[in-house]
Amino acid sequence: MHLVRACLILLLIKAYSVQAESKQIRACIDDHPPYQILEPTPSGIHIHALRVLANILDKEIIFVKSPNFARCVAFLKSGEVDVIAGLSPTTPRKQFAFFTPFKRADQLRVISKKQIKVTKYEDLYGKIIGVARGESYFPRFDKDTSLDKISIQSARVGFSLLLKDRIDILMVSPEKFASLSEEQDLSALWISPITLDKTRAKETSFGFSKKHNLNMSNAELIRIVDKAYKAGVFKPVY
């Protein structure tokens, strides 16, 4: 009799735990200004979008802080988190995630110290290129194994390497360049005139884990988020 009662109590505790988790949405975030700023409290363009996402889904947002974006992708793959903001859809990622846009994509610019002029894709060859770990830029570049790419922890580290002549170029958005210019003197760096936007995705997406615990179907999630995106709900209010 005592054993039956103990089993029932364990089942009730487990059921309560599952129900509580389904009322939360776990989002992995890393330090990625101006999109994601971890301290003193999470803030930034993508953080705002994640808070809005939680609101429209009627969930409590739980931020899981990570040292880098690659770790966030690993968490998404394992189902330890439900969503990442700013995850580019790629064929490998589509094996464990599904995507829905929440904003127009930012531009991408080539930054150098030596005023390296990049006017077409082919000008990237022969250059040492800093590539943020876990980040996807655009299909041709991501798949090009003939380029000399160096893995770096973040764009912040990349700028330091540029200033020390350890790498030749780095690709970031104008918004990120402006944000990190407030932290360190980047006046010695130069923005190349190349425009790579035609080769890139036109929108920035949420990546949802296929192992999410949101108690909603994937189709329902996509429908709700897409409707909110088209209505402009995710636009930050300044």
Side-chain angles (χ1 to χ4, degrees), residues 13-103 105-106 131-137 142 151-157 176 201 203-229 233-234 236:
I13 292 173
K14 185 176 181 180
Y16 178 80
S17 176
V18 170
Q19 185 179 22
E21 286 185 8
S22 69
K23 293 181 179 179
Q24 300 174 342
I25 180 167
R26 298 162 298 166
C28 189
I29 57 175
D30 65 321
D31 189 42
H32 190 59
Y35 307 102
Q36 298 181 164
I37 302 165
L38 301 186
E39 303 297 341
T41 57
S43 62
I45 299 168
H46 288 181
I47 298 295
H48 169 78
L50 287 167
R51 293 188 192 280
V52 172
L53 174 67
N55 185 56
I56 64 174
L57 296 179
D58 194 25
K59 306 287 184 183
E60 176 193 1
I61 187 74
I62 302 296
F63 290 118
V64 178
K65 296 180 181 179
S66 168
N68 55 60
F69 191 69
R71 182 73 62 84
C72 279
V73 176
F75 285 163
L76 194 77
K77 184 176 182 178
S78 66
E80 291 180 62
V81 299
D82 303 305
V83 65
I84 295 176
L87 186 68
S88 299
T90 64
T91 299
R93 288 172 179 173
K94 288 178 181 178
Q95 300 300 311
F96 59 85
F98 59 97
F99 304 83
T100 182
F102 67 91
K103 69 188 259 314
D106 292 328
V131 177
R133 196 173 301 147
E135 191 162 335
S136 176
Y137 293 82
D142 296 335
S151 178
I152 57 176
Q153 185 172 350
S154 64
R156 182 183 285 106
V157 173
K176 176 169 280 296
E203 297 165 316
T204 298
S205 298
F206 289 122
F208 288 95
S209 173
K210 289 184 177 179
K211 296 180 180 179
H212 69 78
N213 191 36
L214 299 176
N215 198 28
M216 304 173 69
S217 70
N218 297 353
E220 180 70 359
L221 273 170
I222 292 172
R223 185 190 68 78
I224 292 173
V225 177
D226 185 61
K227 182 179 179 180
Y229 167 55
V233 172
F234 293 105

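Position 1 is the first residue of the sequence, and the numbers go up from there.
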Item to complete: Give a yes or no on whether the backbone of F69 and the side-chain of D30 come within a donor-acceptor separation of less than 3.5 Å.
Response: yes
Worksheet item: Any side-chain heavy atom of T90 sitting closer than 4.5 Å to one from F99?
Response: no
Worksheet item: Between F98 and L221, is any pair of side-chain heavy atoms under 4.5 Å apart?
Response: yes
Worksheet item: Does R51 reach the side chain of N55, with side-chain heavy atoms less than 4.5 Å apart?
Response: no
Fill in: Atom pair NZ (K77) and CZ (R93), whose distance is rounded to the nearest 0.5 Å
11.5 Å
Response to the item:
So CD1 of I25 and CG of N213: to nearest 0.5 Å the spacing works out to 11.0 Å
Worksheet entry | Inter-residue atom distance K59.NZ - N215.CG, 0.5 Å rounding | 6.0 Å
Worksheet item: Which atoms form the tightest heavy-atom contact between L76 and G207, and what is the distance?
Response: CD1-O, 3.6 Å
Practice prompt. Answer yes or no: is there a side-chain heavy-atom contact under 4.5 Å between V64 and E80?
Written response: no
Worksheet item: Could you give the distance from CD (E135) to OG (S154), rounded to the nearest 0.5 Å?
Response: 10.0 Å
Fill in: Atom pair OG1 (T204) and CG (L87), whose distance is rounded to the nearest 0.5 Å
10.5 Å
Discussion item. Does any part of the side chain of I47, heavy atoms only, come nearer than 4.5 Å to the side chain of I37, both counted from C-beta?
Written reply: no
Kindly list each side-chain donor-acceptor pair under 3.5 angstrom involving residues 39-46, sequence neighbours excluded, with atom names and distances?
from, atom 1, to, atom 2, distance (Å)
E39, OE2, K65, NZ, 3.2

Response to the item:
Rounded to the nearest 0.5 Å, the CD atom of Q153 sits from the CZ atom of R133 at a distance of 6.0 Å
Practice prompt. Using salt bridge (charged side-chain N to carboxylate O under 4.0 Å, His left out) as the criterion, list what pairs up with R223, not counting sequence neighbours.
Written response: E220
Worksheet, complete the sentence: The complete set of disulfide (SG to SG under 2.5 Å) pairs with one or both residues in residues 26-96, sequence neighbours excluded, reads C28-C72
Fill in: Considering all heavy atoms, the nearest S78-F75 contact
OG-O, 3.1 Å
Worksheet entry | Check against side-chain contact (heavy atoms from CB on, under 4.5 Å), F208 and V225 | CA-CA 11 Å; F208 288 95; V225 177; 4.2 Å; yes
Discussion item. Could you check whether any side-chain heavy atom of V83 comes within less than 4.5 Å of a side-chain heavy atom of L214, counting everything from C-beta outward?
Written reply: no
Worksheet item: Would you call Y229 and T100 a side-chain contact if the rule is heavy atoms closer than 4.5 Å?
Response: no
Worksheet item: Does the side-chain contact (heavy atoms from CB on, under 4.5 Å) test come out yes or no for H32 and K176, once each step is laid out?
Response: CA-CA 8 Å; H32 190 59; K176 176 169 280 296; 3.2 Å; yes
Discussion item. For a side-chain contact (heavy atoms from CB on, under 4.5 Å) check, start with the C-alpha distance between F102 and L50, then their side-chain angles and the critical distance, and finish with the verdict.
Written reply: CA-CA 10 Å; F102 67 91; L50 287 167; over 6 Å; no
Worksheet entry | Greater than 12 external heavy atoms within 6.0 Å of K227's NZ | no
Worksheet item: Where do K103 and D106 land on the side-chain contact (heavy atoms from CB on, under 4.5 Å) test, with the steps shown first?
Response: CA-CA 9 Å; K103 69 188 259 314; D106 292 328; 3.4 Å; yes
Discussion item. Could you check whether any side-chain heavy atom of N218 comes within less than 4.5 Å of a side-chain heavy atom of H212, counting everything from C-beta outward?
Written reply: yes
Worksheet entry | Donor-acceptor contact below 3.5 Å, side chain S209 vs main chain D82 | no
Practice prompt. Kindly give the heavy-atom pair with the smallest separation between F234 and L53, and that separation in Å.
Written response: CE2-N, 3.8 Å
